[in-house]
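Written below as structure tokens is the structure these notes are about.
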Amino acid sequence: MEERLICICNGVTDKEIIETIVQEGIDSFEELQEITGVATGCGRCKLRALDVFNSYLAEKV
Ligand code: FES
């Protein structure tokens, strides 16, 4: 899978988001934000970040 930069402000990629979900066992977007900083700057990436987060969790079930 090609890595995509999701959050420009904090340099967070989709791969990093998924790795964080797996490693930290997180289940809320807020927790993901605390750990990675994704969508805590300008907020413009929030929808993309949520999409990565929700798609991953949806596929896992
Ligand atoms: S691009 Fe993610 S907070 Fe600005």
Side-chain angles (χ1 to χ4, degrees):
M1 178 174 111
E2 202 177 309
E3 203 167 345
R4 277 187 313 151
L5 183 62
I6 301 293
C7 179
I8 296 162
C9 293
N10 295 305
V12 185
T13 64
D14 53 355
K15 189 169 167 231
E16 248 177 284
I17 292 177
I18 291 166
E19 277 172 4
T20 306
I21 298 171
V22 174
Q23 284 162 14
E24 309 288 332
I26 57 174
D27 52 15
S28 78
F29 189 71
E30 288 70 27
E31 233 178 312
L32 179 73
Q33 287 183 292
E34 269 173 42
I35 297 171
T36 63
V38 72
T40 58
C42 71
R44 258 181 278 167
C45 63
K46 189 162 184 188
L47 282 181
R48 267 181 303 158
L50 265 170
D51 196 48
V52 173
F53 180 77
N54 290 328
S55 310
Y56 179 76
L57 290 183
E59 273 170 32
K60 226 177 58 166
V61 199

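Both ligands and their constituent atoms are indexed starting at 1 by order of listing.
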Just how far is it from atom [atom1] of [X] to atom [atom2] of [Y], taken to the nearest 0.5 Å?
X	Y	atom1	atom2	answer
R4	T13	CZ	OG1	10.0 Å
L50	C45	CG	SG	9.0 Å
D14	E2	CG	CD	9.0 Å
L5	R48	CG	CZ	7.5 Å

> Which protein N, O or S atoms lie under 2.8 Å from atom 4 (Fe) of ligand 1, given by chain and residue number?
Replying inline: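 Metal shell, protein only: C9 SG, C42 SG.
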> Between N10 and T36, is any side-chain donor less than 3.5 angstrom from a side-chain acceptor?
Replying inline: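 No, because no side-chain N or O of N10 sits under 3.5 Å from a partner of the opposite role on T36.
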> Given I21 and I17, is the side-chain contact (heavy atoms from CB on, under 4.5 Å) satisfied, shown in steps?
Replying inline: CA-CA 6 Å; I21 298 171; I17 292 177; 4.0 Å; yes
